[in-house]
> 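Mind having a look at this structure? Questions to follow.
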Amino acid sequence: MKILVLVKQTFDTEEKIRLQDGQVQEDGVRFVINPYDEYAIEEAIRIKEAGDAEVVVVSVGPSRSEEALRTALAMGADEAILADDSELFGDEYSAAKVLAAIARKDQYDLIIAGNQAVDDGSGQVAVRLAEELGIPHISTLTKLEVNGNEVIGHRDAEGDEEIVKATLPVLVTAQQGLNDPRYPSLIGIRKAGKKPLTHVTLADLGLTAEEIARKSEVVETFLPQPKTAGKILSGDLSQQVSELVTALHSVEKVIG
Amino acid sequence: MDFQLPEDLILMRETVRDFVRHEVEPYAMQIEEEDKVPDSILEKTKRMGLFGLSIPEEYGGMGLSMLGECAVFEELGATINGFTTIIGAHNGIGSVGIVEFGNEQQKQRYLPRMASGEWLGAFALTEPQAGSNAAAIRTRAVKKGDRYVINGQKIYITNAPYAQVFTVMAVTDPEKGAKGITSFIVERSFPGFQVGSVEKKMGLHGSHTAQIYFEDMEVPEENVLGHEGEGYINALKILANGRAGLAARCLGSCQYLLDRSVAYAHERHQFGKPIFEQQIIQHYLADMATQIETLRWMTYRVAWMADQGQNVVKEAAMLKLYGSEVYNRVADLAVQIHGGIGYIAEYPIERFYRDARITRIYEGTSEIQKNIIASELHKAYQKQND
């Protein structure tokens with residue numbers, strides 16, 4: 001079985017976001033594997049360890065993403081592909097197009113991705129990729145079983161559990177709690193340096209700039225308003241209720 | 001000149017940093033109070049390969065260069081020192097003897113299981129009457145046929161309560177003084193081997209040190225480590241080898257204390273402003289940072305020299321001396337900057353202050369390090385004037 005894992009390198013969740021001229025500042029920032037993608041990598045490696053599978057990790061992103069791929073290799077993935085040609089960068093639509101071109105170059109039985117990236121959180125790329133490839137997808141898994149050609153995915157459904165069955169090839173996305181991702185072992189890190197990591201360009205993938213041109217545009221980027229202290233209503237209950245209603249109407253304008 | 005670590009070492013260092021921050025540090029207070037590192041943490045530590053740092057790859061270890069070992073130890077120093085000491089003593093003095101002086105058969109038998117962390121290692125030199133004066137040990141090994149019968153007592157043996165493999169120094173020829181000492185590989189299961197009660201210590205909680213006793217303990221002759229009569233020189237070499245790693249652990253703890261102190265100085269307000277705005281606090285922090293930076297480059301230079309095969313007896317002694325002294329000064333200033341809260345056990349600063357104190361004593365006191373440095377200066381002078 002051949003497994004493709006989609007990986008994005010994101011800000012360490014402990015980092016502070018700084019904006020300058022509407023751009024997120026990256027200098028001095030620590031980057032990590034998107035935590036949801038870590039579950040995806042771990043799941044792929046577990047399938048590999050339980051049977052016979054080859055795990056390829058892929059990322060569309062700047063060359064610094066190589067570090068994330070090396071970490072995935074150190075965790076136990078076999079091979080990495082990095083689409084770091086800036087002509088390949090666009091929006092979620094572009095990324096899915098690029099990943100589809102990469103996926104088509106080989107035969108993947110299973111594609112695993114994080115449910116979303118913690119940076120822009122759109123949650124679109126993986127499911128768009130499934131659409132591009134014309135394969136089914138099961139999203140936000142908390143448990144994955146692979147038996148031969150059959151895949152059973154468990155997902156949270158408003159407090160209940162939904163169990164979805166599909167046949168390979170299929171794309172699944174990982175939810176928090178799917179597994180407990182391992183730390184790469186030191187020997188794994190050493191071996192990772194010798195595993196293949198291929199860079200691909202627009203030309204390598206036989207794509208044109210027009211085909212993958214972005215469909216969306218970022219109009220504005222801003223930080224959320226800092227939270228102010230809440231207000232605790234006091235006094236007579238009916239007075240509290242009327243005060244609350246007034247506030248919802250006029251102050252917070254929650255009710256129009 | 002290249003001050004950059006190789007790429008794989010950078011990745012290893014960052015992985016260990018993440019591991020320490022997320023898997024060990026949140027449990028530091030628990031380890032301190034229970035005086036025990038949870039087995040789940042030790043298991044994860046073993047799986048990462050942190051028990052085989054100095055053991056060659058062909059025996060299942062990492063075979064890291066001294067530079068690599070120091071990079072890892074710096075990160076391991078950034079949390080409760082008891083945890084760090086279990087790993088440090090095992091990788092350093094606990095296993096280096098077998099790596100350096102063991103024969104093929106010994107290496108095959110012990111190193112793979114030590115690299116995986118299944119068997120922990122300990123180093124047994126110190127006795128009630130022999131500490132800094134290591135040549136004065138009295139533990140006696142008498143040869144009988146194809147085995148040695150060992151009688152004696154060792155004290156302050158780190159990892160003794162759970163170690164399986166001990167590098168033990170014993171006198172085989174009392175007539176020859178230091179040249180009559182031999183090193184042995186002793187297994188915990190040897191009849192006549194006994195571990196005494198665990199010492200209560202000022203710090204390093206989670207790491208344990210105990211006395212061990214040998215009562216007519218029989219050790220097969222194939223467990224002689226190196227050659228008969230070379231035990232004393234082996235012990236000195238094992239201790240010298242551990243010095244850079246020990247300094248790197250001090251370095252990691254120092255950096256932790258500096259980071260906490262800088263943050264606290266910005267958060268703590270007195271006289272209507274953060275205490276960081278007081279020049280005296282700034283100077284304390286500048287002094288800490290400068291000494292830490294000096295220690296960092298000294299550590300990595302000595303490690304690099306050792307990796308080049310250079311003689312670092314003098315430099316490693318300077319490094320161990322400087323690293324432990326700086327750690328104590330930094331810990332003292334960290335308590336001063338933190339004020340009252342730096343003295344309270346619910347906050348980690350006082351723990352580091354207590355943990356720091358042993359570094360000036362164990363694995364060769366500061367005074368012994370100065371003796372070594374002076375002796376090396378004397379040797380160099382004599383050589384020049386011969």
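Naming: A, B, ... by sequence-line order, numbering from 1 per chain.
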> Table up the donor-acceptor pairs between chain A and chain B that sit under 3.5 Å, atom names plus distance.
from	atom 1	to	atom 2	distance (Å)
A/Arg30	NH2	B/Asp18	OD1	2.7
A/Arg30	NH2	B/Asp18	OD2	2.9
A/Tyr183	OH	B/Glu23	OE2	3.1
A/Leu186	N	B/Met48	O	2.9
A/Arg190	NH1	B/Glu57	OE1	2.9
A/Arg190	NH1	B/Met62	O	2.6
A/Arg190	NH2	B/Met62	O	2.8

> How about A/Leu178 and A/His154: do any of their side-chain heavy atoms sit closer than 4.5 Å?
no
> Any ring-ring contact (aromatic ring centres under 6.0 Å, His included) pairs touching residues 8-31 of chain A, not counting sequence neighbours?
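Counting only pairs at least two positions apart or across chains, the ring-ring contact (aromatic ring centres under 6.0 Å, His included) contacts touching residues 8-31 of chain A are A/Phe11-A/Phe31.
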> Tell me, please, which residues at least two apart from A/Asp156 pass side chain to side chain donor-acceptor pair (under 3.5 Å).
none
> So what's closer than 4.5 Å to chain A heavy atoms on B/Leu64: side chain, backbone, both or neither?
both
> If the condition is side-chain contact (heavy atoms from CB on, under 4.5 Å), which residues does A/Ala113 pass it with, not counting sequence neighbours?
A/Leu6, A/Ala126, A/Thr173
> Does atom CG of A/Asn147 have more than 12 heavy-atom neighbours from other groups under 6.0 Å away?
yes
> With heavy-atom distances below 4.5 Å as the criterion, would you say the side chains of B/Val165 and B/Leu120 are in contact?
no
> If you compare all heavy atoms of A/Tyr108 against all heavy atoms of A/Ile3, which two are closest, and at what distance to 0.1 Å?
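Taking every non-hydrogen atom into account, CD2-C, 3.9 Å.
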> Let's test your reading of the structure: which of A/Val32, A/Ile187, A/Ile189 forms the most heavy-atom pairs below 4.5 Å with chain B?
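Highest number of pairs under 4.5 Å: A/Ile189.
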